[in-house]
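Each residue takes its place number in the sequence, starting with 1.
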Amino acid sequence: MIYKVDFLTEEESDTIYNRILHLEPEIKALGEGRYDGTNKDSLTSRFVYYNGLEYCSTIGGILKPKLMTLFGRRRWFQCWYNTFRNGEEIKPHQHHAPNKDQHHIPTWTACNIFIGGDPSGGTYYDGEKFENKKGQLTFFDARIPHWTLPYEGEDVRITMAMDIHQAKMNPSMTKLV
């Protein structure tokens with residue numbers, strides 16, 4: 001199942017949008033892109049280097065209380081920022097694509113927050129196009145394939161993605177208490 005929640009106000013979305021654009025060069029300088037599902041120099045491909053809830057106190061200050069209200073305390077979050085310019089996309093992927101070595105790992109919740117940009121391209125979940133809305137959080141089982149088509153806007157499409165776990169799965173995760 002895929003759930004959508006109005007999560008951020010327009011003002012909060014605008015604040016986060018501007019902070020991510022400002023931070024983008026700094027985050028890209030953390031290391032080379034490590035994900036082939038986007039263009040080589042994408043912000044998305046740097047998800048392994050930071051946690052978006054901790055990297056910027058302004059963004060974390062807006063999101064953490066809302067996430068605790070929605071998902072409860074004592075959960076572990078990995079969060080990253082995504083920027084897409086005209087012609088850029090994210091290819092079909094799953095946050096939890098178990099292989100023979102990972103079948104024992106329980107699934108988790110994945111999320112996407114549409115922060116800003118042209119919403120008309122939507123986001124595809126399990127082959128179905130879902131409309132984007134500024135400030136809306138979409139959450140779903142991490143095994144569900146999702147993607148975007150090449151972005152057609154003249155501005156920058158910005159989203160935030162996250163995985164929510166019951167236990168710490170990597171060193172970048174943060175626990176909301």
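- A distance-only check finds no donor-acceptor pair linking the side chain of K168 to the backbone of K175 [under 3.5 Å].
- The two residues M173 and W76 make their nearest non-hydrogen contact at CE-O, 3.5 Å.
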query: Taking it one step at a time, do S172 and W80 satisfy side-chain contact (heavy atoms from CB on, under 4.5 Å)?
result: CA-CA 10 Å; S172 296; W80 59 97; over 6 Å; no
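- In terms of hydrophobic clustering, with Ile, Leu, Val, Met, Phe, Trp and Tyr side chains grouped at heavy-atom distances under 4.5 Å, M160 and L67 are assigned to a common cluster.
- Every residue two or more places apart in sequence or in another chain that forms a ring pair (Phe, Tyr, Trp, His ring centres under 6.0 Å) with Y55 is listed here: Y50.
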For residues 31-39, which side-chain donor-acceptor pairs fall under 3.5 Å, sequence neighbours excluded?
residue: T38; atom: OG1; partner: S42; partner atom: OG; Å: 2.6
residue: N39; atom: ND2; partner: E88; partner atom: OE2; Å: 3.0

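- With N112 contributing its side chain and T138 its backbone, the two residues share no donor-acceptor pair below 3.5 Å.
- T9 contributes atom OG1, which lies 6.0 Å from atom NZ of K66 (distance to the nearest 0.5 angstrom).
- Considering I158, T44, D118, V156 as possible partners of F84, the one that fulfils the side chain to side chain contact (heavy atoms under 4.5 Å, CB included) test is T44.
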- prompt: Can you list the steps and then say if F77 with L63 is a side-chain contact (heavy atoms from CB on, under 4.5 Å)?
  reply: CA-CA 11 Å; F77 287 78; L63 294 178; over 6 Å; no
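- Criterion: ILVMFWY side-chain heavy atoms under 4.5 Å apart, direct or through other members. Under it, Y3 and F130 are not part of a common hydrophobic cluster.
- Atom CD1 of I115 and atom CD of E12 lie 9.5 Å apart (nearest 0.5 Å).
- Shortest non-hydrogen contact noted between W108 and I164 is CB-O, 3.1 Å.
- One distance of note links CG of N51 with CG of N170; it measures 8.5 Å at 0.5 Å rounding.
- Counting heavy-atom neighbours within 6.0 Å of H22 NE2, excluding the residue itself, gives a total of 12 or less.
- How far NZ of K28 is from OG1 of T83: 5.5 Å, rounded to the nearest 0.5 Å.
- Side-chain contact of T159 with N82: a donor-acceptor pair under 3.5 Å is present, judged by distance alone.
- A distance of 13.5 Å separates CE of M162 from CZ of R75, quoted to the nearest 0.5 Å.
- The backbone N or O of Q136 lies less than 3.5 Å from no partner atom in the side chain of K4, so there is not a single donor-acceptor pair.
- Cluster membership check: V5 shares its hydrophobic cluster with L53, using side-chain heavy-atom separations under 4.5 Å among Ile, Leu, Val, Met, Phe, Trp and Tyr.
- Side-chain heavy atoms closer than 4.5 Å link hydrophobic residues (I, L, V, M, F, W, Y) into clusters, and following such links, even through other members, never connects I144 to L137.
- Checked for salt-bridge contact, R46 and D41 meet the test: a charged N lies under 4.0 Å from a carboxylate O.
- Using a 4.0 Å cut-off between charged side-chain N and carboxylate O, E54 and K64 make a salt bridge.
- When all heavy atoms are compared, the tightest approach of M68 to L176 is CG-CB, 3.6 Å.
- Hydrophobic clustering, with ILVMFWY side chains joined whenever heavy atoms are under 4.5 angstrom apart, keeps Y125 apart from L149.
- Judged by distance alone, the side chain of H165 and the main-chain N or O of D163 form no donor-acceptor pair under 3.5 Å.
- Checked by atom type and distance alone, the side chain of Y81 pairs as donor or acceptor with a backbone atom of G52 at under 3.5 Å.
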Full working for side-chain contact (heavy atoms from CB on, under 4.5 Å) between I113 and I16: CA-CA 11 Å; I113 307 171; I16 292 172; over 6 Å; no
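- Closest non-hydrogen pair, L23 versus C56, comes out as CD1-CB, 3.6 Å.
- Between the D126 side chain and the P145 main chain, no donor and acceptor come within less than 3.5 Å of each other.
- The one candidate from F139, Y124, F140 that meets the ring pair (Phe, Tyr, Trp, His ring centres under 6.0 Å) condition with H146 is F140.
- Around atom CD of E152, no more than 12 heavy atoms belonging to other residues, nucleotides or ligands sit under 6.0 Å away.
- When all heavy atoms of I90 and W147 are compared, the pair lying nearest together is O-CB, 3.2 Å.
- Taking every heavy atom of both residues into account, R157 and T123 meet most closely at NH2-OG1, 2.9 Å.
- Distance check: R19 CZ to S57 OG gives 7.5 Å after rounding to the nearest 0.5 Å.
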